[in-house]
Engineer: 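Please find one structure pasted underneath; my questions will follow.
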Amino acid sequence: MRFSDDFLRQVRDRVSIADYAGRRLSWDKRKTRPSAGDYWACCPFHQEKSASFHVLDGKGIFNCFGCGEKGDLFGLAMRLEGLSFPEAVTQMAERAGMALPRDDFEDRVETDARKRLVSLVARAAQLYRDALKSSGGADARKYLMGRGIGPDVWERFGIGLAPDEWTWGLDKLKGEGFTLEEIVAAGIAREGEEGRRAIDTFRNRITFEITDSSGKIIGFGGRALARDAKAKYINSPETALYSKSRVLYRLKQARELMARTKAEGLVVGEGYLDVVAFERAGIAAVAPCGTALTDEQLQLLWRAGGSPVLCFDGDSAGQRAAERALDLALPHVGPNRTVRFARAPQGEDPDDIFRRGGGEALAALIAAARPLSDVLFEREKAKGLATPEARAAFQAALKEAANKIADPDTRRAYFSELMSRANAALRTERPPFKPGARRDTPAPPTAELKALAATQRSLPAVERLLEAAVEQPEVLDAFGDWIDRLAIADPDLAAIRAAMISFSETAEGAAAIDRDGLSLHLQQSGHERAAARLSRWAKPRLPAPGVKTGAEWLAQVTREVVLPAIREELDELRARAAEGDDEAFARFQALSREARAIEARAREVKLEDDEEEQDAEAPPAHEVSLGRADF
C-alpha cells in the first residue's frame with residue numbers, strides 16, 4: 001500500500017528513531033553524544049564487540065559501518081521486528097498518535113467492527129487467565145505445576161483455562177455487552193449444528209494466547225486436560241483477526257529476544273509448550289499454530305533474520321514433520337536463505353529436554369543442528385543402496401531434489417555436492433568382484449581407518465596444487481573455482497581445501513590466506529590431522545631464477561602443478577566412466593575441455609616469455625599433452 005510522502009515525513013518527525021532503537025539496544029556511553037543526537041551501539045544485525053551501529057536522531061536515520069545495513073525509522077522497524085512496510089508504518093503511526101489515512105490504507109484500517117473483535121478477544125484472554133487462578137482451576141494448575149510451569153510462567157506467557165462448561169465463555173462475554181455474532185466471529189464460540197445453540201470453542205483446555213506482529217491477541221491454542229479428548233490440541237478457527245497459516249506463536253517476543261541475544265536465527269518448535277521451554281532457556285523460538293509449517297510462515301522466519309533451526313520431536317510424527325519441512329524449504333534456499341534441522345532424542349520433545357537438563361541441554365540440541373543438505377542426503381541414502389535399482393533411484397532422487405531449487409547458483413552448488421557425496425557413498429557399496437573370493441567378508445573398516453587409508457593414497461599433484469594455492473594467492477585467484485569443484489577423496493586434503501576456500505571468500509580474498517592462520521582454523525574446527533598435514537608441507541619453492549613472479553610464474557605453476565592435478569582427476573573419472581557411471585563420463589568430457597583451455601593459456605604465456613628471452617623455441621602443440629591420446 002502507498003502512503004503520501006507528507007504523511008511518512010510527519011510520522012518520522014514525531015517518532016524519535018533513537019528512542020525506538022534505544023528500547024532494544026544499549027548505547028555505547030563512550031561514543032554516544034545524546035546532546036548532539038549522535039548514538040552508537042553494537043549492531044543488532046551481526047556479531048561484533050565494538051559499537052559500529054550509528055543513529056543520527058535529528059536526521060532519523062541509522063547506518064552500520066560493520067555490515068552495511070542502513071535506513072530510516074521504518075526500515076529499522078522492519079529489520080528489528082520482521083515487519084512489512086505497511087506494518088512498520090502502522091506501528092510508528094500509532095506511536096505518533098496519528099490516524100492512518102483511509103484513502104491510502106483503507107483495507108488495513110481497524111474498523112469499528114474489527115476493534116470490537118480485538119477488544120472481545122482481549123477480554124476473553126483475561127477471563128481465561130482469571131479462571132486458571134480460580135477455585136475451578138485446581139486440576140489445571142496441578143497439571144501445569146507437574147510440568148514445572150508455575151504462576152510466573154502463566155503470567156509471562158498468557159496461559160489460562162477454558163472451564164469444562166458448554167457456554168461458560170459465551171455467557172461471560174454476552175454479560176459484558178458483546179453479541180452472539182461477535183463472539184462467534186472472534187472464534188470464542190461456534191454455531192451449533194442443525195439449529196442447536198452456540199457453544200464455546202474451548203472447553204476443559206489450557207489456553208495459550210496467540211498474538212499478531214504488534215502484540216495484539218488475535219486467537220488461542222488449547223491443550224486438552226482430559227486424556228480421552230478427541231484432539232490433544234485445537235486452535236481458534238479462521239477469523240477476520242486470525243489466520244493460522246500466516247501466524248507464528250510468540251513471533252513478536254521471539255524477534256525481540258533474538259535481537260537481545262544476537263542469535264543466528266529463530267528456533268521453530270512443534271508446539272506451544274516447546275516454545276515456552278525454549279524461551280525460558282533464553283532461546284528465541286516460535287511454533288506454527290496447529291498446522292504444518294507453511295510458505296508464509298517460512299518467509300516470516302527469514303524476514304526475522306538469520307538461519308532458522310527447525311526442531312522436531314524424537315518420534316515418527318516428528319520425523320514426518322521434518323521431511324515435510326525439508327521439502328517445503330528446499331525450493332526457496334539460496335544465498336543467506338537456508339534452514340537447519342534439530343531432532344530431539346527418541347521419545348522426547350524440547351519440553352522434556354528442558355525439564356531433564358535445563359537450558360544447557362536445549363542449547364546443545366540447537367548447536368548440533370544439521371544443514372539442510374546433510375538431512376536431504378541422509379534421507380535419500382536411508383532408503384537403501386543394496387541393489388543397482390536402489391542406487392540408481394538414490395542418485396535420481398538427489399538430482400530431482402537439487403533441480404527444485406530456484407536460485408541457479410545454489411542449485412548448481414547443491415547438485416555438485418550431492419553428486420560428489422553420492423558417488424563416494426556408492427563406491428563403498430560396490431566392492432570390486434573377485435573370482436573365487438569367499439562370500440563372508442570381514443568387519444567393515446572404521447571411519448578412522450578409512451580416513452587414514454585415504455591419506456596414504458598417492459595424490460601428489462592435488463596436494464601440490466593446494467600447497468601452491470596456499471602459498472601463492474595468484475594460483476587461488478586464477479583457479480579458485482576449479483579447486484572448489486575438484487573431487488578430493490582424501491579427507492585431510494578436503495578439509496584443507498574447504499578452509500582455504502572459506503578464507504578466500506572474505507573481503508581480503510586469497511591474500512587473506514596464510515599457513516599459520518589456516519592451521520589454527522583447522523585445529524579449532526576439529527581437523528587436527530589436516531593441520532598436522534599442512535605443517536609437514538615443505539617451505540614454498542621460489543620461482544626459478546630469471547622467472548618473474550607474475551604471469552610467467554603462474555604459467556609455470558599451471559604446467560607443473562595444476563595440469564598434473566587435472567590428470568589425476570581425469571584418470572579417476574575415466575575409470576568410473578568405464579564402469580558405466582554417466583555422471584563421471586559427463587564430468588570427464590567437461591573437465592577435458594577445461595584442461596585444454598588451461599593448457600592453451602599456459603602455452604601462450606610460455607611462448608611470449610620465450611620470444612622475449614630468445615632462449616628457446618616455442619614447443620610444438622603436440623608436445624604439450626595431458627598424457628591421454630583419446631582426449
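Side chains are part of it too, since the values below use all heavy atoms of this structure and drop only hydrogens, waters and symmetry mates.
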Engineer: Closer than 3.5 angstrom, by distance alone: can the side chain of Glu48 be matched with the main-chain N or O of Cys43 as a donor-acceptor pair?
Structural biologist: yes

Engineer: Who passes side-chain hydrogen bond (donor to acceptor under 3.5 Å, both in side chains) against Lys383, sequence neighbours left out?
Structural biologist: Glu380

Engineer: On a heavy-atom basis, which atom in Leu534 and which in Ser519 lie closest, and how many Å separate them?
Structural biologist: CD2-N, 3.6 Å

Engineer: Is it true that a side-chain atom of Trp302 and a backbone atom of Pro308 form a donor plus acceptor pair closer than 3.5 Å?
Structural biologist: no

Engineer: With distance as the sole test, does Asp374 use its side chain to make a donor-acceptor pair with the main-chain N or O of Pro371 at under 3.5 Å?
Structural biologist: no

Engineer: For a side-chain contact (heavy atoms from CB on, under 4.5 Å) check, start with the C-alpha distance between His54 and Lys70, then their side-chain angles and the critical distance, and finish with the verdict.
Structural biologist: CA-CA 9 Å; His54 190 204; Lys70 60 183 177 180; over 6 Å; no

Engineer: Testing the basics here: between Leu330 and Ala401, what is the closest heavy-atom pair and its distance to 0.1 Å?
Structural biologist: CD2-O, 3.2 Å

Engineer: Show the numbers, then the answer: is there a side-chain contact (heavy atoms from CB on, under 4.5 Å) between Leu398 and Lys381?
Structural biologist: CA-CA 9 Å; Leu398 292 178; Lys381 184 181 177 184; over 6 Å; no

Engineer: Is Ile405 close to Phe415 at the side-chain level, that is, under 4.5 Å between some pair of heavy atoms?
Structural biologist: no

Engineer: Enumerate, atom names and distances included, each donor-acceptor pair closer than 3.5 Å involving a side-chain atom of residues 259-271, sequence neighbours excluded.
Structural biologist:
residue	atom	partner	partner atom	Å
Thr261	OG1	Leu257	O	2.9
Glu270	OE2	Asp313	N	2.5

Engineer: Using the six-membered ring wherever Trp is involved, compare the ring planes of Phe53 and Phe45 and label them parallel, tilted or perpendicular (cut-offs 30° and 60°).
Structural biologist: perpendicular

Engineer: When rounded to the nearest 0.5 angstrom, what is the spacing between CD in Glu417 and CZ in Arg421?
Structural biologist: 5.5 Å

Engineer: List the steps, then state whether side chain to side chain donor-acceptor pair (under 3.5 Å) holds for Gln299 with Arg337.
Structural biologist: CA-CA 10 Å; Gln299 299 305 321; Arg337 287 173 73 88; 2.7 Å; yes

Engineer: Using side-chain heavy atoms (C-beta onward) and a distance below 4.5 Å, is Leu362 in contact with Pro350?
Structural biologist: yes

Engineer: Answer yes when Asp315 and Arg320 have at least one side-chain N-carboxylate O distance shorter than 4.0 Å, and no when they do not.
Structural biologist: no

Engineer: If only atom types and distance count, is the side chain of Arg391 paired as donor or acceptor with the main-chain N or O of Leu385 below 3.5 Å?
Structural biologist: yes

Engineer: What I'd like to find out is whether the side chain of Cys311 reaches to under 4.5 Å of the side chain of Leu365, using heavy atoms alone.
Structural biologist: yes

Engineer: Thinking salt bridges, do Asp352 and Arg356 make one under a 4.0 Å N-O criterion?
Structural biologist: no

Engineer: Roughly how far, to the nearest 0.5 Å, is the CD1 atom of Ile283 from the CZ atom of Phe354?
Structural biologist: 9.0 Å

Engineer: side-chain contact (heavy atoms from CB on, under 4.5 Å) between Arg533 and Glu528: does it pass, once the steps are laid out?
Structural biologist: CA-CA 9 Å; Arg533 180 93 163 259; Glu528 292 84 358; over 6 Å; no

Engineer: Rounded at 0.5 Å granularity, tell me how far CZ in Arg529 sits from CD1 in Ile496.
Structural biologist: 11.0 Å

Engineer: Please round to the nearest 0.5 Å and tell me the distance separating atom OG of Ser592 and atom CZ of Arg574.
Structural biologist: 7.5 Å

Engineer: Applying side-chain contact (heavy atoms from CB on, under 4.5 Å), run through Leu326 and Phe341 and close with a yes or a no.
Structural biologist: CA-CA 9 Å; Leu326 187 155; Phe341 290 80; 3.8 Å; yes

Engineer: Dump the intermediate steps for salt bridge (charged side-chain N to carboxylate O under 4.0 Å, His left out) on Asp409 and Arg412, then the final yes or no.
Structural biologist: CA-CA 5 Å; Asp409 292 336; Arg412 285 191 293 269; 2.3 Å; yes

Engineer: Quick one: does Glu279's side chain get under 4.5 Å of Asp274's, heavy atoms only?
Structural biologist: no

Engineer: A side-chain contact here means heavy atoms from C-beta on lying under 4.5 Å apart; do Leu372 and Arg340 qualify?
Structural biologist: no

Engineer: How far apart are the closest heavy atoms of His46 and Cys64, and which atoms are they?
Structural biologist: CE1-SG, 3.4 Å

Engineer: Just so I know, are the side chains of Arg411 and Pro408 near enough to count as touching, which here means a heavy-atom distance under 4.5 Å?
Structural biologist: yes

Engineer: With a 4.5 Å cut-off on side-chain heavy atoms, are Asp295 and His332 touching?
Structural biologist: yes

Engineer: Angle class for the Phe65/Trp40 ring planes (parallel below 30°, perpendicular above 60°, tilted otherwise)?
Structural biologist: parallel

Engineer: What pair of heavy atoms forms the shortest contact from Cys42 to Leu25, and how long is it?
Structural biologist: O-CD2, 4.2 Å

Engineer: Taking all heavy atoms of Gly68 and all of Asn63, pick out the closest pair and write down the distance.
Structural biologist: O-OD1, 4.4 Å

Engineer: Any side-chain heavy atom of Arg324 sitting closer than 4.5 Å to one from Leu293?
Structural biologist: no

Engineer: State the CG-CZ distance between Asp349 and Arg355, to the nearest 0.5 angstrom.
Structural biologist: 7.5 Å

Engineer: Specify whether Phe377 and Phe394 have parallel, tilted or perpendicular ring planes, treating 30° as the upper limit for parallel and 60° as the lower limit for perpendicular.
Structural biologist: perpendicular

Engineer: Working to the nearest 0.5 Å, report the span between OG of Ser52 and CD of Glu69.
Structural biologist: 11.5 Å

Engineer: Measure across Ala329 and Val339 and return the closest heavy-atom pair with its distance rounded to 0.1 Å.
Structural biologist: CB-CG2, 4.0 Å

Engineer: Closer than 3.5 angstrom, by distance alone: can the side chain of Lys31 be matched with the main-chain N or O of Ala51 as a donor-acceptor pair?
Structural biologist: yes

Engineer: Would Arg497 and Asp492 count as a salt bridge (charged side-chain N to carboxylate O under 4.0 Å, His left out) here? Give the steps.
Structural biologist: CA-CA 9 Å; Arg497 186 261 305 275; Asp492 295 340; over 6 Å; no

